[in-house]
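Here is the structure we will look at, set down as structure tokens.
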Amino acid sequence: MATVELKRLKKVYDRKVEAVKGIDLMVRDGEFLVLLGPSGCGKTTTMRMIAGLEEITEGEVLIDGISVGELPPRKRNVSMIFQNYAVWPHMTVFENIAYALKIKKMDKREVEERVKEVANLSGIESLLDRYPDQLSGGQQQRVAVARAIAVRPKVFLMDEPLSNLDAKLRVQMRTDLKEIHRSTGATTVFVTHDQSEAMSLADRIVIMKDGAIIQTGTPDEVYHNSVNRFVADFIGTPPTNFLSVSVGEKEEEGYRLKGDHLDFVANHSSLAGFEGKEVLLGVRPEDIDILEEAPIEAVCRLIEPQGSHNIVSAQIGEQRMKLSVNPDIDLKIDQPFRLVFKPGQYHFFDPETGERLDK
Amino acid sequence: MSKEQSIKRRNWNQIGPYLLVAPALIYYTLFWIRPVFKAFMISITDASGHLSLENFRLVFQDPTFIPAAQNTAIIVIFSVTLEFVAAMALALLINRKFKGSGILLFIAMIPMALAPVALGAMWKTGFTTHGWVNSFLTYIGVLDIGEKIIFLSGESNTKNLILIILIDAWQVIPSMMIILLAGLQGLPKEMMEASYVFGANRWTTLRKITMPMLRATIQTAVILRLISALQIWLTIVMLFGFGRVPVLLSRVIYYNEEVPNLANSFRMSSTYSVVIAVIITIVAILYLRVSGAFGRKNGGESA
């Protein structure tokens, strides 16, 4: 299939707004890469530059090593799935899927075969004679998917394709997309602002903010080894908890950490050089244990049952945090309990720059 | 609620809606249905008040009827085609939102603000032998000093018609362009972008995606233009008077204003109106049928 490479890719609107600030990125052959970030981070602009729908201000886009910056979209051999489906309303499902094939002057019988094949793959084989306004949103999105597969592109581009679907359908389509990717093996770039979508789909996630790449890594890497506070906060539901603590002198078992209602010892080499300073401790909701003899006292403020686990809002002094707790553990609202952060499962961040200390 | 009150309420519910539409109904009856009906009645009665098709015979045998119908047909066909193509091109151009497209839109809309009389007067002063068109052509060097083009000689009917079509187009393109532009701006950009990604160039996208999706808007714009082109007369009369380039509607005015004292002036005028109304209705229905507004196969809730 194909690789996509971005070299110092830059987009400037109206000569002043820098939407994409010169990013470098390599999408490997057959990879499912997700561009993730809050709205306005430049992820969609980046994808539109790959597609050729947006002019490149500076830098290069290479598909299979060939610079495509000057080529119109139709010559780039990419296909795209749009957020609002962009299924043409005046054509039947069949005509929608066959559009690109007919433009390529493909033989009539071949077109028919190809359309049937991709319709089967996307589960819309019974809808070929319908018009889009007779279909549900999910079905329309399947038509868009079929249309995209039909041209056998080098690269799939997907611009938030699931965000207009209702929650249940979204999860189902997510699974289907992953399966289709597995069976076609096509290089895919997927844009989303939904971190759980990114986590479940991606081979690698690229987290963007303000037109720049913050971190690139597998879902596991960005979740457990977030490079800074922004990533740790953006990934995960609920997100990482942050507690401000001051680092004490090194003792036998590690550094003594003190904060509002906090006093415990952590053996963390990254804290060297921060003695006497304030740092941010970041810990994921599931990396907290509730034990009777644990060193930290907290008060249970709220319990949100999720079935498989409960989300507990706890208060430590003035600071609030969320815990993911086994429903078997009996907690009562406004009652104190004791907790401990699992050793090695929490990180420290610079309170000013937000960078992780032990990078 | 007492019984009396509830009866009052029921009465209001029955009569109220009619009272509310009554003013509009009266207005339409007095100023629209009555004159239309009256014109129709006049067209089918003779001088002595008996039912007769004599008026229609006179209209169809009027030596000016055929040339008037021909001129109208030519103007309608060519001006509506020219106007549609030009308006579409302009709308597509302005819709691309380049630098200065706002100013272009503003300039393009100026002719729309002119009344037909002002338009006629303006081009009349322009196209007379010593008018500003000749002065302008001399100024930019197309014509030698002292050389003149005689635009309004009225000798060549083709030349007259071309002039009329151009002037009409000049005035009408903006209003058509605005309707098309509104339609274009209502189309989701993604529809066209999808077409580009899936292998189409601009021309194919325009033909296969933009125009079909714009069909309802195009129908509206064209049908409005067809009707008003069939009713063209004032600009022509301002430029050429009643005699040289007759069109159907100018015959109505001719009998009413120019020769009001003939025994059958008023009846001829009314009969011409009825004939024009029938022609307009037929053309409109034909156009809607051809363009597929009835029995929609496309994008409908039901296929």
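Quantities reported herein were computed from a predicted structural model and do not represent experimental measurements. By convention in this document, chain letters (A, B, ...) are assigned in the order of the sequence lines, proteins followed by strands, and residues within each chain are numbered from 1.
- Under a 4.0 Å N-O distance rule, the pair Glu18(A)/Lys10(A) qualifies as a salt bridge.
- In this structure, chain B has no heavy atom under 4.5 Å from any part of Ala150(A).
- Between the side chains of Thr188(A) and Glu31(A), no donor N or O sits under 3.5 Å from an acceptor N or O.
- Between chain B and the residues Arg48(A), Lys75(A), Arg130(A), the most heavy-atom pairs under 4.5 angstrom are made by Arg48(A).
- Here Asp176(A) pairs with Arg142(A) in a salt bridge; the nearest charged N to carboxylate O distance falls below 4.0 Å.
- With a 4.5 Å cut-off on non-hydrogen atoms, Arg147(A) touches chain B through its backbone and its side chain both.
- Ser228(B) is linked by a side-chain hydrogen bond (donor to acceptor under 3.5 Å, both in side chains) to Arg225(B), counting only residues two or more places apart in sequence or in another chain.
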